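Step one of this worksheet: look at the structure below.
Every number for a ligand or one of its atoms is a count from 1 in the order of the listing. Quick caveat: nothing in here was measured; it's all calculated off a predicted structure. Numbering starts at 1 and runs along the sequence shown.
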Amino acid sequence: MTTKSPVGRSMHQRLCEKTLSSLPAFVAVPTYQRDAIRNGIVHLGVGAFHRCHQAAYVDDCLNAGARDWGIIGASLRRSDTRDALESQDGLYTLAVREGGGEALRVIGSLTSVLVAPENPGALLGALSDPATRIVTLTVTEKAYLRGPDGRLDAEDPDIVHDLAHPDTPKTVHGFIAAALERRRTNGSRPFTVLCCDNLPANGATVRNVMLDFASLRSAALAEHIARDVAFPSSMVDRIVPATRPEDRRRIRETLGVDDAWPVMTEPFSQWVVEENFSTGRPDWEQFGVTMVNDVTPFEEMKLRLLNGSHSALAYLGLLSGHVTVDQAFAAPRLRRFIDRLWAEAAATLPADVSRMSEDYTRQLSQRFANDALAHQLKQIAMDGSQKLPQRIIGTAIARLKVGLDADHPAMVVAAWIVACGARGTALPLQHFSDPLDVPIQTLLARRLSPEQTVSGIFDLTGFAHGEALRNKLIQLVATHVTRLWENGVVQALDHLQGASS
Ligand code: CS2
């Protein structure tokens, strides 16, 4: 599929419906007729994670004959996904990478991509369409706009905007509320809202912020949401590193056509979903999704063991000069730290999952060692203030409550604080960012004592909000901040490992 451009450079055609039949036989392609698919899902936050995870499960259902569950994707901020996929008819390559090999598959379940800021009306139209039965979300932790107490931050400028302009919203809250209001007025049933972000009790968390938002609009809407809208929880798991230019090049060479945005992932994939859908759902369980009555144990295990150690590797790894997860995980000092963090976190899990944790961490060790992913630590380091509560703070508080030590989780919080302060000096400024960057950097610039710094950070972030042991945790984190500041990461880890061996 290569043609010569007028200047003699070879130009590849694009991956699209027309070029599908030219792909090498080892590349799996949709077996269904895409124009016969009806859309039943609107997905908010159509990033690489969604394209490697949910869209692949739905693609499996469509390949098996389902017809009603095409996905309309929506981006709430940028147009880059739409720009890449529009001239590809929504098709893209999913590359499953491990060792030297890579399995390629073209996903067809994404039928279109909308860009909310360009045309909020189009997204509202899709959400209000009675054919839309499920609205799924991967918008990242910060997009739920929760204040330090975990409830809606009603003073956020975008929330203030959406309350004043219900027909041209910017936030997920504004879109979902306006669409539910329209559906209620039109007599169509509300959709189910399925959160797929790494938040604790994510269904209840989203329901709460939606109720907070709706009650600022109208009591009737809030009542409708409380009574009639299902918010199942779900635990999602698949490691998805950002696509690199060399990935695009390699995929182009293999396919013989150009894919503007292929996505990279690992063989492992897991999705555990609460059985609570008021308007039907695809037969996901036929394709490896676990449907359960209570997601909590799975979610706590994943957040505390996988995501907690990811964040540990990110901050301690960056401070130690590592770039990727596999590199940091192979460093003996960090590996020992992660093994101990896992043991400390596993002890806080409910008994039935705690028993599974050894197998789980054994599998995690293999996943983290997958060097074909080149998973960048700086990618995981993003948005620490939003991630640490469910990944690390929960573990620390659970341990302190039963009189156990919490040095390893406390060290992760300390490493995050120190890494935030190192941006612009020891670490490149653009390595990672945080929605609380401005107040955090202002606080760090005051060069207060470790205790004052940590206490100020806890106030800003709401870490351990309302917990009786908050001050104890602040002291512990401050001890580790002091060691990191005074002696550096190697000695601070050696001290910790000497103390706990
Ligand atoms: C990671 C997650 O970037 C991060 O914060 O910890 O995206 C992680 O890779 C996924 O949750 C794995 O399922």
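Of the heavy atoms in H53, none comes closer than 4.0 Å to ligand 1. Residue V240 does not touch ligand 1, judged by heavy-atom distances below 4.0 Å.
Classified by interplanar angle (parallel below 30°, tilted 30° to 60°, perpendicular above 60°), the ring pair F329/F368 is perpendicular.
The distance criterion of under 3.5 Å between nitrogen or oxygen atoms is not met by R367 with respect to ligand 1. Close N/O approach between K387 and ligand 1 is found [any backbone or side-chain N/O within under 3.5 Å].
Scanning the protein heavy atoms around atom 2 (C) of ligand 1, the nearest turns out to be N307 ND2, 3.6 Å.
Ligand-side atoms of ligand 1 in range of D237: 12 (C), 13 (O), range being under 4.0 angstrom from any heavy atom. Interface atoms of ligand 1 facing K302, defined by a heavy-atom separation under 4.0 Å, are 10 (C), 11 (O), 12 (C), 13 (O). Within ligand 1, the atoms closer than 4.0 Å to a non-hydrogen atom of N198 are 11 (O), numbered from 1 in the order shown.
Residue contact check for ligand 1: R391 places a non-hydrogen atom closer than 4.0 Å to it.
For W416 and F463, the ring centers sit closer than 6.0 Å to each other. Aromatic pair W261/Y92: ring centres not closer than 6.0 Å.
The shortest side-chain heavy-atom distance between L476 and D405 does not fall under the 4.5 Å cut-off. Contact annotation: the side chain of R51 never approaches that of L94 to less than 4.5 Å [non-hydrogen atoms, C-beta and beyond].
Between atom 9 (O) of ligand 1 and the options H310, Q379, E141, the minimum heavy-atom separation is to H310.
The only option from R82, R78, R77 that meets the salt bridge (Lys or Arg N to Asp or Glu O under 4.0 Å) definition with E118 turns out to be R82.
Side chain of Q390 to backbone of Q386: a donor-acceptor contact under 3.5 angstrom is found.
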